[in-house]
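This report concerns only the one structure given below.
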Amino acid sequence: MIRYFYLSILLVLFSVPLFAKDVVLNANHPQDYEVVRGDTLWDISAKFLEQPWQWPEIWQVNPQIANPHLIYPGDLISLSYINGQPVLTLTRGSTAYKLSPEAREIKLEEAISTIPRSAIAAFLSKPLVVDEDTLNNAPYIVASTDERLILGAGDRAYVRGIDSDEIAEFSVFRGGKVYKDPETAEVLGYEAIYTADALLEAASDVSTVMLLNTNREVLAGDRLLPVDDAESEMNFFPHSPDQAINGRIISVFDGVSQVGQYQIVVLNRGTREAIEVGHVLEVMRAGLTVSDDVTADRHDMVTLPDEPAGIAMVFKVFEKVSYALVMKASRPIHLNDKVRAIE
């Protein structure tokens with residue numbers, strides 16, 4: 001999958017102009033930077049560029065390097081100029097070593113990712129947002145095999161709604177928040193909270209499953225959905241939307257009231273509004289409506305201007321909502337703040 005991603009990005013890079021006049025360098029950019037373990041493409045790009053998502057626009061492919069879009073710890077990223085325009089080039093470092101006295105080469109590092117893997121890994125492999133019919137019609141747990149009320153890994157459970165043994169692997173979910181558009185009140189989807197994996201042992205009117213890999217308690221009424229075998233991509237091609245995007249943050253994970261860097265937010269825009277994985281959006285702190293006590297008409301209400309608050313990148317998209325990772329927070333970000341295409 002990673003090879004497929006970099007082949008795709010290679011085609012994209014060749015489809016854009018070699019130089020981008022609107023790329024602005026970071027005032028404190030280095031001339032060279034050696035990649036270290038834990039780096040991300042976004043972090044490295046921020047060292048060179050004011051807008052890190054623009055790195056593909058000045059990335060100079062070296063045809064002498066195999067897989068020039070795979071960047072490893074030890075590689076050297078250099079800034080140079082061609083015809084007065086900045087370009088970034090890669091010099092391959094050492095990613096292997098030999099063990100003596102055996103002549104074996106061991107790869108030390110995997111290619112670095114675009115954004116931190118740990119921040120979003122759990123959100124890539126599960127559906128997490130479903131429509132009402134999907135959740136209500138899914139098989140459900142009716143009881144444990146040993147009459148326990150709370151189940152965990154290693155427990156067996158009875159399930160209704162599994163009609164055959166054609167599908168053996170399931171994920172267990174519990175209905176969570178109802179996502180609604182704050183402006184139209186349209187129901188955009190239902191949060192499906194992942195609780196466990198389940199393996200089908202016997203299919204019948206009342207089937208038996210074994211619970212695996214629980215990350216919270218499993219209860220009667222939890223729903224089962226087939227495991228998605230599609231491999232989730234951990235690398236992304238950041239880019240600005242081609243059209244105007246205006247949305248809002250409708251949910252924040254982890255129960256926090258103020259959002260900072262590397263926290264995940266839910267947006268009220270999805271594929272229906274042409275949102276794509278990799279879209280980079282500006283977060284605008286929604287202006288408060290306050291009382292103007294100075295005017296003759298005391299208590300006249302006025303709405304303050306929206307203010308830039310940060311940058312977020314979309315990493316998972318559903319039909320009507322999407323998940324975005326906050327890459328930069330210049331001020332606290334809150335529920336109901338706005339997102340828009342960067343101007």
Side-chain angles (χ1 to χ4, degrees), residues 120-145 147-153 155-163 167-200 203 205-230 232 247-257 259 263-272 275 314-324 335-336:
I120 64 171
F123 293 84
L124 292 175
S125 59
K126 310 300 177 188
L128 299 175
V129 176
V130 297
D131 58 44
E132 185 176 16
D133 288 342
T134 297
L135 199 61
N136 289 341
N137 296 329
Y140 57 93
I141 293 175
V142 292
S144 71
T145 59
E147 300 182 358
R148 301 172 76 178
L149 297 179
I150 298 176
L151 293 78
D155 290 336
R156 287 180 170 82
Y158 294 124
V159 175
R160 297 203 67 187
I162 298 179
D163 299 326
I167 299 175
E169 297 181 5
F170 295 86
S171 294
V172 184
F173 294 91
R174 182 174 307 138
K177 300 176 184 176
V178 180
Y179 293 133
K180 289 186 177 182
D181 190 294
E183 298 172 348
T184 66
E186 177 189 7
V187 174
L188 304 176
Y190 293 78
E191 180 186 24
I193 302 172
Y194 168 76
T195 61
D197 293 327
L199 184 65
L200 179 64
D205 180 54
V206 178
S207 303
T208 304
V209 300
M210 168 72 77
L211 297 178
L212 309 168
N213 305 320
T214 54
N215 72 342
R216 65 183 68 202
E217 73 279 0
V218 177
L219 307 173
D222 285 358
R223 300 283 176 165
L224 280 71
L225 296 172
V227 169
D228 183 1
D229 291 330
S232 297
R248 287 186 181 269
I249 295 173
I250 60 172
S251 184
V252 177
F253 286 97
D254 299 328
V256 297
S257 58
V259 182
Q263 288 184 291
I264 294 171
V265 295
V266 183
L267 310 180
N268 65 333
R269 296 291 183 266
T271 56
R272 185 178 63 174
I275 291 289
V314 175
F315 67 87
K316 190 161 187 174
V317 184
F318 305 91
E319 180 187 3
K320 300 177 183 179
V321 302
S322 56
Y323 289 172
L335 186 69
N336 211 40

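Keep in mind it's a predicted model, so treat the numbers as computed, not measured. Worth knowing before you read on, the calculation uses all heavy atoms, side chains too, and leaves out hydrogens, waters and symmetry mates.
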Side chain [X], main chain [Y], donor-acceptor under 3.5 Å:
X    : Y    : answer
T214 : A153 : yes
N268 : R248 : yes
E191 : G176 : no

Can you give me the closest heavy-atom contact between [X] and [Y], atom names plus distance?
X    : Y    : answer
V178 : Y190 : CG2-CE2, 3.6 Å
G175 : L135 : CA-CD2, 3.8 Å
A138 : L225 : CB-CD2, 3.7 Å
P139 : G161 : CG-O, 3.5 Å
G189 : V129 : CA-CG1, 4.3 Å

Approximate separation, where rounding is to 0.5 Å, of [X] [atom1] and [Y] [atom2]:
X    : Y    : atom1 : atom2 : value
S251 : L335 : OG    : CG    : 7.0 Å
E169 : D197 : CD    : CG    : 8.0 Å
T195 : I141 : OG1   : CD1   : 6.5 Å
F173 : T134 : CZ    : OG1   : 11.5 Å

Listed partners of E319 passing side chain to side chain donor-acceptor pair (under 3.5 Å), at least two apart: none

Counterpart residues, side chain to side chain donor-acceptor pair (under 3.5 Å), relative to R216 (two or more places apart): none

Parallel, tilted or perpendicular, as decided by the 30° and 60° cut-offs, for the rings of Y323 and F315: tilted

D155/R148 under side-chain contact (heavy atoms from CB on, under 4.5 Å): CA gap, chis, key distance, verdict: CA-CA 9 Å; D155 290 336; R148 301 172 76 178; 2.9 Å; yes

Tell me every residue that passes side-chain contact (heavy atoms from CB on, under 4.5 Å) with [X], counting only those two or more places apart in sequence or in another chain.
X    : result
N137 : D133
A324 : V265, L267, A312, V314
L219 : I150, R174, E217, D222
Y140 : V142, R160, R223

For residues [X] and [Y], determine if any side-chain heavy atom of one lies less than 4.5 Å from a side-chain heavy atom of the other.
X    : Y    : value
I250 : D181 : no
V266 : L188 : no
T208 : Y158 : yes
R156 : L211 : no

side-chain contact (heavy atoms from CB on, under 4.5 Å) assessment of I162 paired with F170: CA-CA 11 Å; I162 298 179; F170 295 86; 4.0 Å; yes

From CA spacing to verdict: side-chain contact (heavy atoms from CB on, under 4.5 Å), I167, L200: CA-CA 8 Å; I167 299 175; L200 179 64; over 6 Å; no

N215 atom CG, over 12 foreign heavy atoms within 6.0 Å: yes

